Amino acid sequence: MQVKRHALLSPSVGTQRELLSFHYGLPGRGEKVYLQASLHADELPGMLVLHHLKQKLAGLEARGELLGEVVVVPVANPIGLNQTLMHGQLGRFDFASGENFNRQYPDFLALLGEQIASRLGQDGEANKRAIRAAMGEALAAIQPTTELASLRHTLVSLAYDADVVLDLHCDFDAVLHVYTETPYIEQAEPLNRYLGARAVLLAKGSGGASFDEALSGHWWRLAEQYAGRFPIPLACLSATVELRGETDVYHHLAEQDAANLLAFLQHRGVLAGTAPALPEPACQPTPLAGSETLRAPHAGVVAFLKQPGDYVEAGEVVADVIDPLSDRVSPVLAGVSGVLYARGIVRYATAGMDLCKVAGKVAFRSGNLLSA
Ligand SMILES: [Zn+2]
């Protein structure tokens, strides 16, 4: 195992942060898998999962059972990790710019441009190598000018040539769910089944330039753009794994999640031996555009009637919002049928506040599909 330290751009005199990556196995041997946790720095279940995974990987490497390369970044956001305001940790948005740490990653389709065609031919594997080489060149030409930009650049530079990228997040209060891009549905299925995902949300570009889609999106876009001219593989299965809710930080869950991730790696051929039998799927994938966010119709106290993981029918009451001055009680009804996969943790709603999300089967939204 190799530890690499990556200095981030210093934002201020006398201040210097660094990012640490842990490299198991040998580069160029088998598949490369990249895992990171806590890009939203206050989402901590993944950090504990990667702590447990690191111990397991060290043992596997020592026994010669690692057939590929695994790169682990357990603390993907040292900037956000140190953002505390009045005793509350705020790790989703950068204090300096207000930007979401999981937005504004590079658009490789634009960076590669039309000139990539001159490097492509009839061999899909060769095209994969040529595209990755061009991605590496494009990244090397970028000079970040802020600490946040240097963090994003460092993370993408570690992950851009991986076959599998898993970005471990969590929601406020949720069951385990996964976001990935529709063209990768077959590659993602074993991951979803080993993890026991209760919702799988699919989109072809959700519009936020998130980390996961920056690494997977240009492959299917290039494949569509050059269909009939050059074969281009779906070379990077990238997924955002939401490891339940923000307080679901327990050894027993993290150990099980780490074991499930290893089962998936074994299934991909990154670990020696036969992978455990695939569990039955705990859900069927649904379109991200079919996910309904229920909102408070007015301000008040929120009393939920449904829990994360509950299946709700359209028209069912999911929560009441109560104004204790007027004694107005407003039931909040699900507009679609599906699993209530995530809900908020705050029990006082301002008017219009997001309350919870239901994974409906039929797409009805368009435009940017991600929350702020
Ligand atoms: Zn997150």
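We count ligands from 1, going down the list as the structure has it; atoms in each ligand are counted the same way. From a predicted model like this one, the values you see are computed outputs, not experimental measurements. Just so you know, these numbers use all the heavy atoms, side chains as well, and skip hydrogens, waters and symmetry mates.
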Fill in the blank from the handout: Apart from Tyr179 itself, its cluster of hydrophobic side chains linked below 4.5 Å comprises Val175, Leu201, Leu288, Tyr311, Val339, Tyr341, Leu369, Leu370
Practice task
Check whether any side-chain heavy atom of Glu99 sits under 4.5 Å from a side-chain heavy atom of Leu148, and report yes or no.
Solution key: yes
Exercise for the section: Flag yes if more than 12 heavy atoms outside Arg63 fall under 6.0 Å of its CZ atom; otherwise flag no. Expected result: yes
Handout entry: For Val329, the rest of its hydrophobic cluster, which grows through side-chain links under 4.5 angstrom
Key = Ile322
Completion exercise
Residues pairing under side-chain hydrogen bond (donor to acceptor under 3.5 Å, both in side chains) where one sits in residues 266-284, two or more places apart or in two chains, turn out to be Glu31-Arg268, Gln187-Arg268
Problem - Contacts of the Zn ion (ligand 1) with protein N/O/S atoms, counting only those under 2.8 Å - result: His40 ND1, Glu43 OE1, Glu43 OE2, His169 ND1
Handout entry: Proximity of Phe264 and Tyr194 rings by center, below 6.0 Å
Key = no
